[in-house]
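Structure record follows, encoded as structure tokens.
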Amino acid sequence: MESRYNPAEIEEKWQQVWAEQGIDDTPEEQNKPKFYALSMFPYPSGSLHMGHVRNYTITDVIARVRRMQGYRVLHPMGWDAFGLPAENAAIDRGVHPAKWTYQNIAQMRAELKRLGLSYDWKREVATCSPDYYRWTQWIFLEFLKAGLAYQKEAAVNWDPVDQTVLANEQVDSEGRSWRSGAKVERRLLRQWFLKITDYAEQLLTDLEKLDGWPDRVKLMQENWIGKSTGAEVYFQTEMGDALTVFTTRPDTLWGATFMVLSPEHPLVETLTTAEQADQIKAYQAEAADKSEIDRTAEEREKTGVWTGSYAINPVNDQKIPIWIADYVLMGYGTGAIMAVPAHDQRDFEFAKTFNLPIQVVVQPADQPLDSETMTAAYPGDGAMVNSGPLNGVTAGKGANQSVDVAINWLEANGKGKRMVNYRLRDWLISRQRYWGVPIPVIHCPSCGIVPVPEVELPVRLPEEVDLSGRGASPLAKLESWTNVPCPSCGTPATRETDTMDTFIDSSWYFLRFTDATNEQQVFNSAKANDLMPVDQYVGGIEHAILHLLYSRFFTKFLRDRGLLSIDEPFQRLLTQGMVQGLTYMNPNKGGKDKWIPSNLVDPANPIDPQTGEPLERLYATMSKSKGNGVAPEDVLTKYGADTARMFILFKAPPEKDLEWDDADVEGQFRFLNRVWRLVMEFAERQPSSGTAPSPASVNNSLTNAEKDLRYAIHYAIQQITEDVEEGYQFNTAVSELMKLSNALTDAKCKDSPIYAEGIETLLRLMAPFAPHITEELWHSLARPGSIHQQAWSTYDPAALVVDEISLVIQVNGKTRGTIPVSAQASKAELEAYARESELAQRYIADKAIKKVIVVPGKLVNFVVA
RNA sequence: GCUGCUGUAGCCCAAUUGGAAGAGGUGCUGGUCUUAGAAACCAGAGGUUGUGGGUUCAAAUCCCACCAGCAGUACCA
């Protein structure tokens, strides 16, 4: 045998052949069932990292299996190509964002191709391309038409040094800008929003339809949407101003002894009396200055200031003081609460701190509460007391219980009404940045906001732009671009200079893939309805809320605009775990210095190169700052794509974190070498046409060695098919491939047609995992066509029937040994064999048998005194 | 603090869902081969299934409590 396994040679060869033959293009045959496999598309940051490799390999295996199973598979790839890093590269290095981005795309595309990922490259999209963002703008105009895109004043994160708005995730935990390091200010600015709150209820209830999603992702979305049911209640201030609160416990209204407003509440100024003004102002300033972290710090003492004013409790006309406190958030409910210290822990703490009255209105059955002596709020069940019309009603949220009765009473008396409140806020999509989709509207002094006419789309980003990084939005400074006539009346007007949040771009890309080159429409509805929903979506857990929620929102919106007939975009979701690298830490150092890059450390003697101190070894998510990354390039060069793919699939179940281990990578390379030798040896010996026998012609005529091998083959088919279809247990699937390979190596019947069947089956089952080596070996067997166009193997149940099993003999649950019995033996026969067995006799002797448990195919257990 | 996930051989991980604790890999030890090593092949050792209790004929698996690690979330009225 001459040829050695040389991945570098065969991988490039087959990648070219496949591309020329277009075998990964999405088939058109409508008689085949469709399957849409999708990985979350990457931001083109420069080069692939291992997290990408893992993500795309998982999806690729799924896509390849489905192809072999006869589906017409859509498996596309694209680029989430707008965003800040490109703009920062321009600021720091003077490269135009477009140039930087397209260079990165070219490099990463090449890397993806080296991995042998079976993409339909004809559908590639980049969100920064005018062909794509033209339709992003078109969708925005649909939102505008539907009244779901609007402008309003909002408090945003403002960086006073860089003179720009920052997203929440660009502000660190100390409230500083990630770029300038300046303390971020809250500033009121006029911004664009999408009315996602209109879809809050659907986004919540439709989670039930997503049984292919991990529970924890659904739970996170549920918490994010944050539905609570209750009532709004109309209070009035002593001076007659309306003051509405939201509460989930309107039944405890009679126990409200004060009110609390958020420091930012618009009524605070009106309510503040002259004597309290200084204190209130000081408190407001303090609250404004505090970062979110400070305000929500653990175990914080309650703080607040009395406004000097009172409100009237609408249910009993009691005069109650109005305070402000930062534990009431302007962003939730109405920014004002009624405080019921007896039955709400926060209100209780506040009342205790400021010596405010406590009124019990729910009495538990066993231990009556005393407002004087209670040490914590009582949120539990009981009977209503001191509550006028509610007295005696059972406290609770059920029908005819206190909450329900209270709401009916409020509605009947015009003092409130039933209300559902959501934590979910409308989506702020404005960004004062250059490298994003221009919002396609024009501000006209006489017509107001005028959408750019559809025929004029896309509103292109100007190429000549000053990206020095300081001052206002780069687009706002570009007068030649902003000054345009109003499309409606022709008077001089200005373009909107905000660009869109890049999450908009990724909220519909999966739809564009179904019709990626359409120049007339955002996508053809028939095509989208045919290929959608995505049958399997694979990506990181970090998108559990934002991207997935936004995409669900877009899908529902486009459905309501008549463009789609589906409710949910992603049928099944797999969130893959992180890739962790071997990491060295100096426990004596703090901050970022404690991470010692692995290229500076001798693995045999891990010490700090600067101080000589011993280092701790651990596994942590690969990152630049820890210096623990492994570059996919290096692995591909050393071992090839097939080894990298096999290792990643084998090392851990897909949803769990994966520890990168060079020794295990070697192990996979060894396995591929073993398969290579196994098949090449066979290829040299095989008869000119080594076709496998048909199942009908086998079984009875087989030798024991052949029967055993055939069992191993069909067991592998059964197990691997199960692993790749159901739980995506690729780690165990690979282990089954190894077992089959071992069985073939050990087989005593290498000239039998069963052996040929085994070799072919191994290659077919392994093809989705290691596409290059299996293709090469397939051709070395002189088999026709590409292995990737072969049908997925199906198992013959007859091959899995065994004649004899080992029956476990237990006495009092303890295993005492096994006896061989016929696999077909009945329950009674099994018991009889077991009783007669020497094993049982030895352990039971003359003891009385109290009970016998017989589990067919498994064991017999004697319970003795 | 709350919620969720995880804990099995030195390490990564399996275990037909309650039925003999072990599939696969890695590492380790020994052997074959070799002048020697590497590679390859063969063989072997390695366990209180995080801890304690409970249910059961039988528990890694189900229930309760606790411990450890990871993740999410945090005054949401």
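In the text below, chain A, chain B and the rest are named by the order of the sequence lines, each starting its count at 1.
- Between B:A14 and A:Asn731, a contact under 4.0 Å exists linking OP1 or OP2 to a side-chain N or O.
- Taking only side-chain atoms of A:Asn861, from C-beta outward, the nucleotide of B:U16, B:C57, B:C76 with the closest atom is B:C57.
- The distance between atom OH of A:Tyr327 and atom C1' of B:A74, rounded to the nearest whole Å, is 16 Å.
- Regarding contacts with the backbone of B:C57, a side-chain N or O of A:Lys851 is found under 4.0 angstrom from either OP1 or OP2.
- Side chain A:Lys302 to base B:C75: a donor-acceptor pair is found below 3.5 Å.
- For a distance-only test at 3.5 Å, the side chain of A:Gln810 qualifies as a donor-acceptor partner of the base of B:G19.
- The base of B:A23 is paired with the side chain of A:Ser735 by a donor and an acceptor separated by under 3.5 Å.
- A:Glu666 and A:Tyr639 are linked by a side-chain donor-acceptor pair at a separation below 3.5 angstrom, with hydrogens and angles left out of the test.
- Between A:Ser228 and B:A77, a side-chain N or O to OP1/OP2 separation shorter than 4.0 Å is present.
- Of the nucleotides present, B:C42 is the one that pairs with B:G30 by Watson-Crick or G-U wobble criteria, both distances under 3.5 Å.
- As rounded to whole Å, 11 Å separates atom C1' of B:A15 from atom CD of A:Gln719.
- Rounded to a whole angstrom, the distance from the C1' atom of B:C70 to that of B:U17 is 25 Å.
- Rounded to whole Å, the separation between the P atoms of B:G10 and B:U6 comes to 22 Å.
- Checking the phosphate oxygens (OP1, OP2) of B:A74, a side-chain nitrogen or oxygen of A:Arg423 falls inside 4.0 Å.
- Side-chain nitrogen and oxygen atoms of A:Arg670 include at least one within less than 4.0 Å of the OP1 or OP2 phosphate oxygen of B:A40.
- At whole-Å resolution of the value, CD1 in A:Ile648 and P in B:C13 are 14 Å apart.
- Rounded to whole Å, atom P of B:U73 lies 10 Å from atom CG of A:Leu546.
- Atoms CG (A:Asp661) and C1' (B:G25) sit 10 Å apart, rounded to a whole Å.
- Atom CG of A:Asp664 and atom P of B:C11 are 14 Å apart (whole Å).
- Annotation: cation-pi geometry not satisfied between A:Arg4 and A:Trp676 (NZ/CZ under 6.0 angstrom from ring centroid, within 45° of ring axis).
- With a glycosidic angle no further than 90° from 0, B:U17 counts as syn.
- Atom CD of A:Gln729 sits about 6.5 Å away from atom CD of A:Glu655, to the nearest 0.5 Å.
- Here A:Glu232 does not pair with A:Arg418 in a salt bridge; the nearest charged N to carboxylate O distance is not below 4.0 Å.
- Straight-line distance from the CD1 atom of A:Ile407 to the C1' atom of B:A77: 14 Å, rounded to whole Å.
- Here the separation of B:C28 from B:C11, taken at their C1' atoms, is 11 Å to the nearest Å.
- Under the 6.0 Å distance and 45° angle rule, A:Lys302 does not count as a cation-pi partner of A:Phe354.
- Using the Watson-Crick or G-U wobble rule with both distances under 3.5 Å, B:A15 pairs with nothing in any strand shown.
- Here B:A39 presents its C1' atom at 13 Å from CZ of A:Arg674, a figure rounded to the nearest Å.
- Between A:Lys218 and A:Glu222, none of the side-chain N atoms (NZ, or NE/NH1/NH2) sits under 4.0 Å from a carboxylate O, so this pair counts as no salt bridge.
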